[in-house]
Amino acid sequence: MNKGGIGLGSGGGGGPTAAAAAAAAQKQKTLLQRVDADIGNIVDNFSFLVNVARVNDPPVRNSQEAFMMEMRAARMVQAADSLLKLVSELKQTAIFSGFASLNDHVEQRIEEFNQQAEKTESTVARIGEEAAASLKELESHYYSSAQRTESHDNQ
């Protein structure tokens, strides 16, 4: 049995926080325990079925053996169904964690763009103030200049 771990990535971005990493490790441990329990259940019940179904047994089995075989087969089906649900859960986790990391990335980009917008607005406001100050200075020089008074006197 492969005990290497189930690929539970942290998604994109700057890496998981300590709490997220601990939660992911706990989830991985729980999933591995479920896999081990389900596979062990299937193997045990299958072994029991093989032992009961020996060829050298008399052809007529009593009802207790038949009931035990049906019960063990039902347990195998339940364990297989549990494994299928686990696979489905892993798929959903992969999909939703992908969306979660995508949402985190989008929120991060929105924050960056908001910061850039604020920076741009302050830069534009500063440039506007500097332009207004320069324009006032130019107007005062123009109205007090000798050329303006000479051209105004000639009219």
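Just so you know, these numbers use all the heavy atoms, side chains as well, and skip hydrogens, waters and symmetry mates. Note that the numbering runs from 1 along the sequence shown for the chain.
Taking the charged nitrogens against the carboxylate oxygens, D38 and R34 have no contact shorter than 4.0 Å, which rules out a salt bridge. Using a 4.0 Å cut-off between a side-chain N of Lys or Arg and a carboxylate O of Asp or Glu, R75 and E70 do not qualify as a salt bridge. A salt bridge between E130 and R126 is present, with a side-chain N of the basic residue lying under 4.0 Å from a carboxylate O of the acidic one.
With respect to V35, the side-chain contact (heavy atoms from CB on, under 4.5 Å) criterion is satisfied by exactly one of L90, V87, L86: L86.
Placement of L84 and V43 in two distinct hydrophobic clusters is found when ILVMFWY residues are connected by side-chain heavy-atom separations under 4.5 Å, directly or transitively. In the hydrophobic clustering of ILVMFWY residues, with side-chain heavy atoms under 4.5 Å counting as a link, M71 and V50 come out together.
For E112, the salt bridge (charged side-chain N to carboxylate O under 4.0 Å, His left out) test picks out R109, with sequence neighbours left out. Every residue was checked against the salt bridge (charged side-chain N to carboxylate O under 4.0 Å, His left out) condition with K29, not counting sequence neighbours, and none meets it.
Contact detail for L49 and M69: the closest heavy-atom pair is CD2-O, 3.4 Å.
Here L135 contributes atom CG and S140 contributes atom OG; the two are 10.0 Å apart, rounded to the nearest 0.5 Å. If you take OG on S82 and CD1 on I39, they are separated by 10.0 Å, rounding to the nearest 0.5 Å. The CZ atom of F46 lies 10.5 Å from the CG atom of N51; values are rounded to the nearest 0.5 Å.
The shortest side-chain heavy-atom distance between R72 and M76 does not fall under the 4.5 Å cut-off. Side chains of Q116 and E121 form no contact here, defined as non-hydrogen atoms less than 4.5 Å apart.
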Exercise. Could you go step by step and tell me if L138 and Y142 meet the side chain to side chain contact (heavy atoms under 4.5 Å, CB included) rule?
Worked result: CA-CA 6 Å; L138 288 172; Y142 173 74; over 6 Å; no
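One N or O on the side chain of N45 and one on the backbone of N41 form a donor-acceptor pair closer than 3.5 Å.
Counting non-hydrogen atoms of neighbouring residues, nucleotides and ligands closer than 6.0 angstrom, the CZ atom of F48 exceeds 12 such neighbours.
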